[in-house]
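For reference, the structure discussed in these notes is given below.
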Amino acid sequence: MLKFILRRTLLMIPQLILLSIIIFMLAKMMPGDALTGAFQGNPDVSLEQLEKLREKAGLNDPWYQQYGRWLGNAVQGDFGKSYVHQQKVTSLLAGKVENTVILSLFTLIVTYLIALPLGIIAGRFTDSWADKAIVTYNYFAFATPLFVFALLMMWFFAFVLGWLPYGSSVDIKLESGTWDYFVSRAKHLVLPVLSGSLLATFSTIQYLRNDIIDQKLRDYVKTARAKGVPEAKVYTRHILRNSLLPIAAFLGFEITGLIGGSVFIESIFSYPGLGYLFIQSISTRDFTVVTALVMISGTAVIVGTMLSDIILSIVDPRIRIE
Amino acid sequence: MAKKQLMLLASLMLVLSVFLAACTGKDDKDGATEKEPSKDPGKTEEVEGEEEEPAEDPNAGLDFPLEVSNTADPMEDGEMTIAMVTDTPFEGTLSRVFYKGTFDAEIMSYFDEGLLATDGDYLITNDGAAEYEISEDNKTITIKIKDGVNWQDGEPVKASDLLYSYQILGHPDYTGTRYTYMIENVEGMPAYHNGEAKDISGITVSEDDKEISITYTEATPSLLSGIWTVPSPRHHYGDIMTGEVTMEQLVESDKIRATPIGFGPYKVAKIVPGESVLYERFDGYWRGKPALKELVLKVVSSASILEALKKGDIDLASVPADQYLKAKDIDNVELLAKVDLAYTYIGFKLGKWDDEKKESVTDPNAKLADKRVRQAMWYAMDNETIGKELYHGLRFPATSLIIPVFAGFHNADIETPSYDPEKAKALLDEAGFVDTNGDGIREDAEGNEFVLNFASMSGGETAEPIAQFYIQNWADVGIKVQLTDGRLHEFNSFYDRVEADDPDIDIYQGAWGTGSDPDPSGLYGRTAAFNYTRYTSEKNDELLAAGTSEKAFDTEYRKDIYNQWQELMADEVPVAPTVYRYALTAASKRVVNYSIDPNTDLWLYEMGVSE
């Protein structure tokens with residue numbers, strides 16, 4: 001097991017390097033740089049001055065030179081300086097990572113809290129009214145664009161009912177560390193988390209339901225039933241264990257989807273996390289931040305798939321690698 | 001069974017689409033405005049007749065107030081919430097010398113101010129925290145800080161704090177974008193900037209540290225609107241001159257990101273990065289006691305701003321122009337508007353940038369070298385309709401390159417082309433651009449095919465309709481125009497190509513923010529990098545130089561020069577200004593003592609809320 005994890009981890013390194021090269025190249029191919037937009041409304045800066053700034057920031061060097069510099073520093077944990085925010089990328093991200101991790105973690109938990117029971121019910125009681133309702137909800141979740149749904153949720157819960165705040169991560173007037181502060185943070189999380197997770201459930205529900213229906217007809221289930229195993233136990237002990245396999249395998253992709261979704265959720269709810277920052281950095285050509293952010297989400301994908309493999313090998317002894 | 005499910009799904013989607021229309025602020029009216037430009041002469045006249053209306057009065061047609069109507073007294077210890085409408089977080093570099101984003105500027109405006117106040121023409125006055133005097137030769141300005149002006153940590157504001165701003169801006173390690181002409185113009189600044197001198201020879205500070213005099217290499221009236229007067233708190237930041245901190249440390253430090261100070265009416269109590277700022281009243285404010293006890297400034301996404309205003313959560317917000325129609329129906333809010341420091345224009349590519357000489361070179365054989373063709377294209381554009389239909393009147397036809405905001409210099413009387421397709425046709429005929437092969441499209445003077453490539457930026461719902469509308473306008477007078485590459489271009493790529501004089505661009509649509517100095521040489525001078533049309537002429541050089549010469553301290557003289565320049569531009573038409581724009585502010589009806597008029601007598605510290 002340890003050997004397996006170690007091997008996967010080592011394999012990550014060339015994957016990440018390749019990823020960084022592609023990203024760096026693509027980022028440099030985008031027209032414009034961080035200084036292109038800086039002159040708008042500021043026509044008083046001379047051309048020489050602008051050129052000097054470009055030169056200072058190393059923006060005139062060919063991409064492979066810039067990449068070499070970047071990689072050298074990145075290995076030492078220095079991801080360069082954000083041109084727009086004028087601070088180290090690492091300290092810039094440090095403030096936002098926490099927000100996004102909290103948001104993603106809760107979204108993931110709530111997604112499974114909703115999806116697992118629903119998938120099990122739908123699979124176990126096929127064609128009942130509950131199943132039909134769940135399947136309908138699932139089509140709905142599959143078809144609805146995230147940003148539309150998020151706006152709808154905001155409109156209804158924040159403006160019509162007025163129960164929840166419509167944006168930001170906390171009420172600024174509360175002193176951090178107090179009980180009220182945590183309540184306020186939790187309240188601000190409800191809408192983004194619900195908007196994200198109510199839609200993220202569809203794949204889990206669908207896979208779980210199909211697999212349970214599939215497993216129900218298998219010989220080992222018939223055997224169990226014939227031996228007189230109680231129905232509830234047939235499901236919890238026999239069917240569920242096998243049906244959860246694809247769900248576990250899906251965890252990695254689920255994490256990737258969350259990071260993609262946070263771009264929408266965070267900018268709609270003005271929630272200062274990585275996704276929010278990502279949009280800004282792309283439009284202002286803040287390359288260092290873009291590169292760092294894509295590296296983070298790339299790493300998350302790679303780690304996520306590795307996690308899936310590990311979970312899979314734990315729950316399914318058949319594919320365990322010795 | 002399956003059919004029933006499908007029905008249910010379909011009805012759900014239907015309900016959803018209704019919500020969608022309600023939520024995204026999409027305006028059906030916008031889509032419906034690809035109105036056929038009027039081809040029959042009767043209609044043309046009608047439009048023309050409307051254009052006779054004096055477009056000079058910026059508030060003509062639309063009656064927006066500049067000041068809130070509530071005249072009650074502000075309540076004691078009121079609290080206010082102000083929205084920054086944006087879909088991206090603010091950067092939070094809260095120092096005038098370092099900041100980049102406009103929202104950072106807004107955040108600073110509540111805790112920080114310049115030492116000299118400005119009037120309606122953006123010229124410096126003596127009403128601020130300091131008074132100034134300009135020497136006989138117009139080269140030296142002396143600024144004297146008034147008594148009782150203190151930083152929010154209790155330290156007095158010193159003349160050497162203003163010096164510190166200049167020391168940072170000119171510093172060899174400085175990487176911001178504010179080393180401008182007016183900074184460079186300070187005597188001894190280039191030497192200091194290149195690291196040849198330790199001090200800036202043109203700036204001296206008095207013994208008692210209350211008076212500073214700045215001497216310029218060249219006297220220019222831009223001094224009156226372009227002088228830097230925001231001090232930097234040396235005791236708070238630490239001193240880069242003594243090596244106490246380095247430039248890099250200072251930019252990254254919490255001193256400007258978490259605990260910035262100024263000497264404005266409100267002090268920063270707390271910042272949630274990228275999201276909101278909490279201010280408290282600064283009791284030691286030099287003008288007097290600020291009306292509000294607390295002030296919250298927070299980011300609100302453009303999707304939720306209208307609902308937030310309606311709910312009464314937000315007292316003040318700038319409203320995006322495309323949400324105007326919905327915003328004006330909100331009961332508890334009133335809309336204020338002023339003409340923005342900007343204009344949109346169509347640029348005609350007339351030459352190339354010479355990288356060796358660092359100047360624009362006009363090509364006499366350029367496709368659009370004949371000014372009559374350019375004039376005709378201006379005459380052909382129906383900007384009135386664009387402003388009315390696509391912007392609901394929030395944009396209106398532009399006449400001159402000096403915007404009406406500069407009331408003293410904007411000349412409303414010069415003859416500028418307004419929508420008149422017949423005139424356009426006549427001009428084209430005169431220039432010899434006639435249709436020789438009978439396909440309805442004019443050929444150029446030599447009888448060759450004449451097709452123009454038009455570059456325009458993407459962004460917003462109106463970008464595509466506007467570009468298509470102009471193309472139709474030009475087609476109406478027989479000029480064939482097509483979009484460069486057949487599509488719109490993203491902002492960065494657009495400016496990259498325009499700047500590089502891409503041969504696939506003959507004309508382009510751009511916009512400029514003018515800043516508060518009427519001097520246009522940064523955009524139209526021979527050596528100006530932003531002179532994207534590459535238009536040059538001796539007369540132009542002459543007038544631009546005269547406009548900022550020492551003689552131009554005489555306002556009448558300067559006015560005359562800029563009149564001549566505006567006339568020259570309207571005749572030569574290197575660019576055709578299309579529309580000026582209004583900037584909208586929504587204020588809750590409980591807001592008092594607030595005005596967006598730069599000419600107002602109200603100061604920020606008086607702004608408050610009524611019961």
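Below, chain A is the first sequence line, B the second, and so on; all start at residue 1.
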Inset, instruction - Please say whether more than 12 non-hydrogen atoms of neighbouring residues, nucleotides or ligands are located less than 6.0 Å from CD in B/E248. - result: no

Relative to chain A, which segment of [X] carries a heavy atom at a distance below 4.5 Å: side chain, backbone, both, or neither?
X      : value
B/N531 : neither
B/A528 : neither
B/Y174 : backbone
B/T93  : side chain
B/K298 : side chain
B/T86  : backbone
B/R497 : neither
B/E79  : side chain

Let me confirm one number: the [atom1]-[atom2] distance from [X] to [Y], rounded to the nearest 0.5 Å.
X      : Y      : atom1 : atom2 : answer
B/D104 : A/Q86  : CG    : CD    : 9.0 Å
B/D313 : A/F159 : CG    : CZ    : 7.0 Å
B/R257 : A/H85  : CZ    : NE2   : 8.5 Å
A/Y166 : B/I305 : OH    : CD1   : 6.5 Å

Legend entry - Option in B/S301, B/S302, B/A269, B/G176 with maximal non-hydrogen atom pairs under 4.5 Å from chain A: B/S301

Legend entry - Most contacts with chain A, counted as non-hydrogen pairs under 4.5 angstrom, among B/A342, B/S253, B/S521, B/A308: B/A308

Inset, instruction - Determine the minimum heavy-atom distance between A/K96 and B/G274, stating which atoms define it. - result: NZ-CA, 4.2 Å

Inset, instruction - Taking all non-hydrogen atoms of both residues into account, name the closest pair between B/V296 and A/K173 and its distance. - result: CG2-CE, 3.5 Å

Inset, instruction - Give the C-alpha distance, both sets of side-chain angles, the deciding distance and a yes or no for side-chain contact (heavy atoms from CB on, under 4.5 Å) between B/E307 and A/M154. - result: CA-CA 10 Å; B/E307 290 294 339; A/M154 177 166 79; over 6 Å; no

Given that the side chain runs from C-beta out, which part of [X] has a heavy atom under 4.5 Å from chain B: side chain, backbone, both or neither?
X      : answer
A/K88  : both
A/S281 : neither
A/I268 : backbone

Legend entry - Donor + acceptor pair across side chains of B/E91, A/Q280 (<3.5 Å): yes

Inset, instruction - Verify side-chain contact (heavy atoms from CB on, under 4.5 Å) between B/E275 and A/I172, making sure each step is shown before the conclusion. - result: CA-CA 9 Å; B/E275 179 177 318; A/I172 189 168; over 6 Å; no

Legend entry - Candidate pair A/I279 and B/D87, rule side-chain contact (heavy atoms from CB on, under 4.5 Å), full reasoning: CA-CA 9 Å; A/I279 295 188; B/D87 295 328; over 6 Å; no

